[in-house]
Number of protein chains: 2
Amino acid sequence: MSTEMADPAGAKPTLRDVALAAGVHLATASRALSDSKTRPVNPRTAALVRQAAAKLGYVPDQVARSLRTHRTPAIGVLIPDMTNPVMPPLVRGAEQVLAQHGYTTLFADTDNDQAAETQRLAMFLSWRVAGLILATARRDQPLAPELVNSGVPVVLMSRKLDATPVPSATIDESVGIAQALDHLIGLGHRRIAYLGVPLWTSAGHERLVAFREITRDRGLDLPPEFAQVCDGYSERDGEAALAALLARPDRPTAVLTGNDMMALGCYDAIRAAGLRCPADVSVVGYNDMPLTHRVDPPLTTVRVPYFDLGRQAASLLVEALDDRGSTERSVRLTPRLLVRDSTAPAPT
Amino acid sequence: MSTEMADPAGAKPTLRDVALAAGVHLATASRALSDSKTRPVNPRTAALVRQAAAKLGYVPDQVARSLRTHRTPAIGVLIPDMTNPVMPPLVRGAEQVLAQHGYTTLFADTDNDQAAETQRLAMFLSWRVAGLILATARRDQPLAPELVNSGVPVVLMSRKLDATPVPSATIDESVGIAQALDHLIGLGHRRIAYLGVPLWTSAGHERLVAFREITRDRGLDLPPEFAQVCDGYSERDGEAALAALLARPDRPTAVLTGNDMMALGCYDAIRAAGLRCPADVSVVGYNDMPLTHRVDPPLTTVRVPYFDLGRQAASLLVEALDDRGSTERSVRLTPRLLVRDSTAPAPT
DNA sequence: CTGTTAGCGCGTTCAC
DNA sequence: GTGAACGCGCTAACAG
């Protein structure tokens, strides 16, 4: 069986095959394809090599290249749960700029599980990723030691750490809370409650702190129970918390929640108490997840630019990778209140 | 500067360092850590090696390993758009079983763009991925030639190809359509319309075909305009299509749509026509995206097990990889109608 | 059971 | 400008 022909269906062509076909040396082919700055190559031969490569369907072996160069153009992205509606735009944004810069995105969903996170992190590290984007960070939990002394650059996405200063792309939660509060106050509300998401994320914590500070700032004198944190993120959590508050004689006339699901749960509590939204109680959500414009009533909520946040997180990392770790800065984006129909003037 | 000590903060320890520390040969250390089946190693020395590895913080270099073994435990996952609510559970499911089997997930969002897809595919191929999961397939568009003669196993997720038989994990669309139709027919509806999603996905095509077949089967005599396909996937697309139908003297009393967004657009058309849902017109959606239970009225829709679909797609691929490509089978899951409040008995 | 040796595919340092 | 040699970190052979 004579097999003198190039075998498009057989083994993958290697750089040597390309060099052979182009009638040049291996090293020349290498330089031609990666147009080496240090060792320029004759344009004519370069064209020849490129032609041969195309003809053979040559695809450079990233694995071999990485081993040689000790640079792996791959970034690990760790997500706590893709089902969380804020995650898809985050990931989409990150992947977009990473690909733009030639990086491949290694993806993992940890399902909010510590063991899963450790396992995925080890995977990423064994791939010698050039950097890591973490959307899984908990405020109180420092970066894993194996991570810090691996020396791999890390950027936190939509999260921050309390103690350790790690570059991050986050939003200014106080702006979102302030806009929501001022909207409500402008509508004449004075008894405003906050039902927060859990505090183990920086976002959750900052929203609560912002609520406390800004209400004090605006001269609102609220009972401490009016600023509380729920156990979870669900409609049921929001419903239960508001139900308790509505039973009070000094019940709130408006409620601001840490996410949209809880806001929708508030709808249920209001209805169950024989009240109406927004006539009796105004509701403001957070995140502007899909379809919140279609619920009844359409939800007033704080829109967070998650897609941009993902892009920024990736940009930060790419920058750091280029500048050899000089610019370890963070970025902070601004959310914007979206007024719909779940807020109305305070009842008199 | 004497640097005789192990440097946990310096260069990554290599297998040789581990072997040295454990007082064994490089190859022995290799076998100990990957407990090679073919070449068993003394449990005592194995423990020694493992201990040394742990102490040094050794992380095996997957890049070097892949170069040597010609096996890259990485799977590329190509997604058309993470913003599409069906995608997150798909990806989550796939990543979960891939990680379970030791595979790293390479992720890319093509933004429904051909050029982006080509670029990402080239990336994946250059990484010598062991397999590919594609959620981007278009019915009429065969697999890219560079892909087919790369020989990399491919599984299609939630999509199929018309001409080429590629293993896939999909759902049985005819079951979903049949359940929806029988529900409507049971409610006394006879004039039922279908407003489909575009036909370039197998799912879109199969839903339309199923609608036509089943309505004929059930003896419904529908004008051809009652089964139509919209240009896009949005609320506006659904609204416009239904508005035209509602203007007819023989307007439908029920409408089934190719996705949930279009179903919600139908709500708008119904309201604009001075009619009510479900009293005058019943609506059934498709996919059961988040919050469809909270819209007004809560949407009756076909729930599709996307998370399982993702798991199955990955399982299919892992199987094929184990069996060396012997079992090139496909899998078909079953959707289930979720009856809520957007459907009611036909008006008399 | 363990040590020895060779080389995966590529980029880079030297010589020419 | 181009050719030759070397080695990245690891595992598959083959001895011993």
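What you see below is based on every heavy atom in this structure, not just the backbone, and it leaves out hydrogens, waters and symmetry mates. Letters A, B, ... mirror the listed sequences (proteins, then strands); counts begin at 1.
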> Less than 4.0 angstrom between a side-chain N/O of B:T69 and OP1 or OP2 of D:dA12, yes or no?
no
> Mind checking whether B:V24 and B:L48 have side chains closer than 4.5 Å, heavy atoms only?
no
> Over how many whole Å does the gap from A:R31 atom CZ to D:dA4 atom P extend?
12 Å
> What's the spacing between A:R139 CZ and A:D162 CG if we round to 0.5 Å?
4.0 Å
> Is the shortest side-chain heavy-atom distance between B:L78 and B:L132 below 4.5 Å?
no
> Measure from NE2 on A:H25 to P on C:dC14 and round the result to the nearest Å.
17 Å
> Please report, rounded to the nearest Å, how far the C1' atom of C:dG9 is from the CD atom of B:Q62.
16 Å
> Tell me the interatomic distance from B:R16, atom CZ, to D:dG7, atom P, rounded to whole angstroms.
11 Å
> Rounded to whole angstrom units, what separation is found between the CG atom of A:L15 and the P atom of C:dG11?
6 Å
> If you pin B:A27 and B:A64 to their nearest nucleotides in DNA chain D, which one's is more 5'?
B:A64
> So, OP1 or OP2 of C:dG11: does either fall under 4.0 Å of a side-chain N or O from A:S30?
yes
> Answer yes or no: does a side-chain N or O of A:T28 lie under 4.0 Å from OP1 or OP2 of D:dT2?
no
> Looking only at side-chain atoms of A:D61, point me to the closest of C:dG11, C:dG9, D:dC10.
C:dG9
> With hydrogens left out and only the distance checked, is there a donor-acceptor pair under 3.5 Å joining A:R68's side chain and the base of D:dG9?
no
> Let me know the distance between CG of B:L48 and P of C:dT2, rounded to the nearest Å.
11 Å
> Respond yes when some side-chain nitrogen or oxygen of B:Y58 is under 4.0 Å from OP1 or OP2 of D:dG9, and no when none is.
no
> Would you call A:R92 and B:D111 a salt bridge, using N to O less than 4.0 angstrom?
yes
> Rounded to whole Å, please give me the gap between CZ in A:R65 and C1' in D:dC8.
15 Å
> Would you indicate, yes or no, if D:dC8 has its OP1 or OP2 atom less than 4.0 angstrom from a side-chain nitrogen or oxygen of A:S66?
no
> Using atom CG of A:L67 as one end and atom P of C:dG7 as the other, report the distance to the nearest whole Å.
17 Å
> Check whether any side-chain N or O of A:R50 sits under 3.5 Å from a backbone N or O of A:A32 as a donor-acceptor pair, and report yes or no.
yes
